[in-house]
*Asks:* 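Structure below; questions to follow.
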Amino acid sequence: MRLYDAHAHLADSRLDPTLETVLDAAAAAGVAGILACAARLEEWETVTAISRRAPVLGALGVHPFFAQTAPADLDSHLRLSLAAHPRLVAVGEIGLDFWDGRDDVALQEAVLNTQLTVAQALHLPVILHNRHSWGDFFKLLHRAGIVDLRGVCHCFSGSREVARAVLDRGLLVSFCGPITYPQARRLREAVAYVPLDRILTETDCPDLPAQAVAPGFSLPQHVGYVLEAIAEIKQLPVSAVAAQVEANYLALFGNGISASR
Ligand SMILES: [Zn+2]
């Protein structure tokens, strides 16, 4: 059985001295693919370096929390940086996050819009982080005239209604550690609702550990707990869920051997 972690912050400084160990442990646990995400510009170089190593693929982007750090030339900088290596296969993580209030709506939207435009131009999928912002996000897509966005809503924690809306737009939904908590009722309802052929698994390493590893760091080697929770909620064999998640992951990100770029 091959496992896939569709969202890991391998450039996080908390993993720095132990990255080798983290990758070895992931391989030993059967993890056949890890998508390393960037949250800030400062992480792009590290993500690029790590993603040169199979089975890691990389995504570059500016997270909404760091919108104010986006450079004026974000558009060209992102295009050039993504061209550095064919294993950089996505733009992320990007989105709108109004958890902390809405002081910087215009800035977050501008930074997101630029990154969506680059993703569309390069035909790359996006890794979306949206919180308290789904309505604004859909409006932005509408204004930008984007009807065919490919990507995944990472660490999905929205309601069934939001799940329905993102599925209607063709996006995938990725679940992480919190679904392993039996009391996470609304979240587990979303897992039950989203069809298996639209689901990815992730750890959001090093945050959001599964119940079995809390309060420690969440690591790619733990993604099996997420897979098992999905299988339990959907009452399907773990192997069947694993096979479909693999197909979903490879369809969205490929295997890093790109002929087109
Ligand atoms: Zn993340």
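For this chain, numbers begin at 1 and follow the sequence in order. Read the numbers this way: they start at 1 and go in the same order the structure lists the ligands and their atoms.
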*Asks:* Please set out all donor-acceptor pairs under 3.5 angstrom arising from side-chain atoms of residues 161-179, sequence neighbours excluded.
*Replies:*
from: E161; atom 1: OE1; to: S159; atom 2: OG; distance (Å): 3.4
from: R169; atom 1: NH1; to: A165; atom 2: O; distance (Å): 3.2
from: S174; atom 1: OG; to: E202; atom 2: OE1; distance (Å): 2.7

*Asks:* Is atom OH of Y225 surrounded by more than 12 heavy atoms (other residues, nucleotides or ligands) closer than 6.0 Å?
*Replies:*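 Open: at most 12 neighbouring heavy atoms sit under 6.0 Å from OH of Y225.
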*Asks:* Does any N, O or S atom of H63, backbone or side chain, fall under 2.8 Å from the Zn ion (ligand 1)?
*Replies:*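 No, H63 does not qualify, because none of its backbone or side-chain N, O or S atoms lies under 2.8 Å.
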*Asks:* Please give the atom name: the N, O or S atom of E93 nearest to the Zn ion (ligand 1).
*Replies:*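 Closest N, O or S atom of E93 to the Zn ion (ligand 1): OE2.
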*Asks:* For the Zn ion (ligand 1), find the closest N/O/S atom belonging to D204 and write down its atom name.
*Replies:*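 Among the N, O or S atoms of D204, the one closest to the Zn ion (ligand 1) is OD1.
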*Asks:* Over 60° means perpendicular and under 30° means parallel, so classify the ring planes of H63 and F65, tilted if in between.
*Replies:*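 Correct class here is tilted.
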*Asks:* Hey, is the Zn ion (ligand 1) within less than 2.8 Å of some N/O/S atom on D207?
*Replies:*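 Checking the Zn ion (ligand 1) against D207, no N, O or S atom falls under 2.8 Å.
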*Asks:* What atom name does the N, O or S atom of H9 nearest to the Zn ion (ligand 1) carry?
*Replies:*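 Looking only at N, O and S atoms of H9, the one nearest the Zn ion (ligand 1) is named NE2.
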*Asks:* Donor-acceptor pairs under 3.5 angstrom involving side-chain atoms of residues 38-45: please list them, not counting sequence neighbours.
*Replies:*
from: R40; atom 1: NH1; to: E42; atom 2: OE1; distance (Å): 3.4
from: E43; atom 1: OE1; to: A39; atom 2: N; distance (Å): 2.8
from: W44; atom 1: NE1; to: G61; atom 2: O; distance (Å): 2.9

*Asks:* Counting backbone and side-chain atoms alike, does H129 have an N/O/S atom under 2.8 Å from the Zn ion (ligand 1)?
*Replies:*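 No, H129 does not qualify, because none of its backbone or side-chain N, O or S atoms lies under 2.8 Å.
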*Asks:* Specify the closest pair of heavy atoms between G151 and L252, including all atoms of both residues, with the distance to one decimal.
*Replies:*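 That closest heavy-atom pairing would be N-CD1, 4.0 Å.
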